[in-house]
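Notes to accompany the following structure.
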There are 2 protein chains.
Amino acid sequence: MQTTTTLEYALLGLLRQKAQSGYDLRKTFATTAMRHYSDSPGSIYPALRRLEARGWIADRGEASTEPRDPRKRRIFALTEAGLKALVAWIGEPVTRDEVVLREAALMLRFAYMDGNVPRSVACRFLADFEREKAAYVAELRAQFEEMRSKFPLHTGVLAFQSGIEQMEAQLSWARSARARLAESVS
Amino acid sequence: MQTTTTLEYALLGLLRQKAQSGYDLRKTFATTAMRHYSDSPGSIYPALRRLEARGWIADRGEASTEPRDPRKRRIFALTEAGLKALVAWIGEPVTRDEVVLREAALMLRFAYMDGNVPRSVACRFLADFEREKAAYVAELRAQFEEMRSKFPLHTGVLAFQSGIEQMEAQLSWARSARARLAESVS
DNA sequence: GTGCACATGTAATGTGTTACATGATTAT
DNA sequence: ATAATCATGTAACACATTACATGTGCAC
């Protein structure tokens, strides 16, 4: 059992919303806020074939017996196994490691929660996120204050400050989002 | 002439601050806010050898004639060519592409400005950064408002909001940092 | 009928990851 | 003595990037 890349989960999540072709997926990556993921054919198509090989997605035209023309549009859809894998990934616990190093994957998981897991899971996710993030920010802030006292206008210190302020923005987003979600649950 | 990775520039910048060994550099990546960069030997040592091959860094012990024991501590220092390459990279114009897709590289360049380029360059950098970032956020915000009006509590929309709020935090950081730097210039 | 967007794919290349290997030095 | 840390390195592997290749369908 090999590991699954964030790109692969990104594709799974999009296919969960709607069965579509590799080209459609590329367009989404190229034109929406998911720009972060590469829209190059050299990344998308091989990733789709890996998912197909694992049985997580399937080509709808597969049923037909005649040899498939590789130049024809192929529409992919999530299989049951694929949905199971996606939901399992979404529900994984929030670790410090992810908060520190794999931010993008965390946000993607949260973005894909709607329609796949109950809202209470999203609330729980945010609570864990807040806890881990707050702990990490506190650590960084200690380092930062020490640096700032020595070199108040050093660009390195300013860059550091930017990172911290971004994390604090995330923290306050998480708190407000959780409050709003919690309201809608009750 | 091949491209230079962000990791390679990160190493150059650290060596600019202080001549040191690969192990020292790994420690920095492992323990400071530069965690983002891998501290694995499989990334650092090959990167150092690439930089050495390009003549951007040099082993201080190179002068000695006897065959070098590969298990001995090697202290690397920036060469003049390396400093030139670093300064050229730092001074590159801020492009929309970098703002949208290569955030980390941008912040690294800014962090390394102190001591390598005049403060006026840092101010200019921030001004360009603000312009490109503001334009991009405005685009995203248009998409976002449309989504929000349809699905106010969708986790995908909330995740999108988090991204926008982070960018806005960066924007206000840039404005405040620029004001402070501008004061110190005059 | 020429050009463009659609649509899928392959090949070469380079880099990061993981795991392993080696030996020196320091602390207990 | 022995364990941990210092210190550098290699090898296998997978993935993303870039560039290229191929062909369809539509608009003008």
Side-chain angles (χ1 to χ4, degrees), chain A residues 1-12 14-15 19-31 34-54 57 59-62 67-76 97-98 100-102 104-105, chain B residues 1-12 14-15 19-31 34-54 57 59-62 67-76 97-98 100-102 104-105:
Chain A
M1 188 85 171
Q2 19 213 30
T3 56
T4 306
T5 64
T6 310
L7 172 63
E8 284 164 359
Y9 282 122
L11 293 169
L12 279 187
L14 289 176
L15 290 175
Q20 54 193 307
S21 71
Y23 193 80
D24 294 332
L25 294 162
R26 287 180 59 202
K27 286 276 130 164
T28 298
F29 289 152
T31 63
M34 294 182 83
R35 263 167 200 81
H36 172 70
Y37 299 96
S38 164
D39 68 325
S40 81
S43 66
I44 305 281
Y45 293 114
L48 287 172
R49 257 179 298 144
R50 288 195 297 272
L51 292 172
E52 202 183 13
R54 260 181 265 180
I57 65 176
D59 184 344
R60 279 181 167 178
E62 221 176 33
R68 196 177 49 70
D69 179 350
R71 297 277 145 62
K72 280 269 164 59
R73 189 176 163 81
R74 299 182 66 189
I75 305 294
F76 290 101
D97 193 64
E98 239 181 334
V100 172
L101 295 172
R102 285 191 299 277
Chain B
M1 189 83 172
Q2 19 213 30
T3 56
T4 306
T5 65
T6 311
L7 172 63
E8 284 164 0
Y9 283 121
L11 293 169
L12 279 186
L14 289 176
L15 290 175
Q20 54 194 306
S21 71
Y23 194 80
D24 294 332
L25 293 161
R26 286 180 59 204
K27 285 277 131 165
T28 297
F29 288 152
T31 63
M34 295 183 84
R35 261 166 202 80
H36 172 71
Y37 299 96
S38 164
D39 69 325
S40 81
S43 66
I44 304 279
Y45 293 115
L48 287 172
R49 256 178 300 143
R50 289 196 296 273
L51 292 172
E52 202 182 12
R54 258 180 267 180
I57 65 176
D59 185 344
R60 279 180 169 178
E62 220 175 32
R68 194 178 49 73
D69 179 351
R71 297 277 144 62
K72 279 269 165 60
R73 188 176 163 82
R74 299 181 67 190
I75 304 294
F76 290 101
D97 193 65
E98 239 180 335
V100 172
L101 295 173
R102 285 192 299 276

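Keep in mind the model is a prediction, meaning the values are calculated, not measured.
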Tell me the interatomic distance from Arg54(B), atom CZ, to dT15(C), atom C1', rounded to whole angstroms. 12 Å
Does dT8(C) have its OP1 or OP2 closer than 4.0 Å to a side-chain nitrogen or oxygen of Tyr23(A)? no
Tyr9(A) OH to dC15(D) C1': how many Å, rounded? 16 Å
Categorize Leu7(A) for me: base, sugar-phosphate, or nothing, with a 4.0 angstrom heavy-atom threshold over every strand shown. sugar-phosphate
Roughly how many Å is it from CZ in Arg73(A) to C1' in dG25(D), rounded to a whole number? 13 Å
Between the side chains of Thr6(A) and Arg102(A), is a donor N or O closer than 3.5 angstrom to an acceptor N or O? no
Minimum heavy-atom separation for Tyr37(B) and Phe29(B), please, with both atom names. O-CB, 3.6 Å
Tyr45(A) has a side chain; which of dT18(D), dA7(C), dA7(D) sits nearest to it? dA7(C)
Just checking Gly22(B): base, sugar-phosphate only, or nothing, at a heavy-atom cut-off of under 4.0 Å? sugar-phosphate
Consider the side chain of Ser43(A), meaning its heavy atoms from C-beta on, and name the nucleotide among dA16(D), dT18(C), dT8(C) that approaches it most closely. dA16(D)
Closest nucleotide among dT8(D), dT15(C), dT17(D) to the Ser21(B) side chain: dT8(D)
Can you measure from OG1 (Thr28(A)) to OH (Tyr23(A)) and round to the nearest 0.5 angstrom? 11.5 Å
Between C1' on dC6(D) and CZ on Arg74(B), what's the gap in Å once rounded to a whole number? 16 Å
Below 4.0 Å: OP1/OP2 of dT5(D) and any side-chain N or O of Lys27(B): no
If you round to the nearest 0.5 Å, how far is CG of Leu7(B) from NE2 of His36(B)? 9.5 Å
Whether the side chain of Glu52(B) engages the backbone of Phe76(B) through a donor-acceptor N/O pair (distance < 3.5 Å, no angle test) should be reported. no
Side chain of Arg50(A): nearest nucleotide among dA16(D), dT8(D), dT10(C)? dA16(D)
Indicate, with a heavy-atom threshold strictly under 4.0 Å, whether Ser38(A) touches base, sugar-phosphate, or nothing. sugar-phosphate
Write down the distance between CD (Glu8(B)) and C1' (dT15(C)), rounded to a whole number of angstrom. 9 Å
Leu11(A) CG to dC15(D) C1': how many Å, rounded? 13 Å
How many whole angstroms separate atom CG of Asp24(B) from atom P of dA7(D)? 6 Å
In whole angstroms, how far is the P atom of dC6(C) from the CD1 atom of Ile44(A)? 16 Å
Which nucleotide wins on minimum distance to the side chain of Arg49(B), given the candidates dT17(C), dT10(D), dT17(D)? dT10(D)
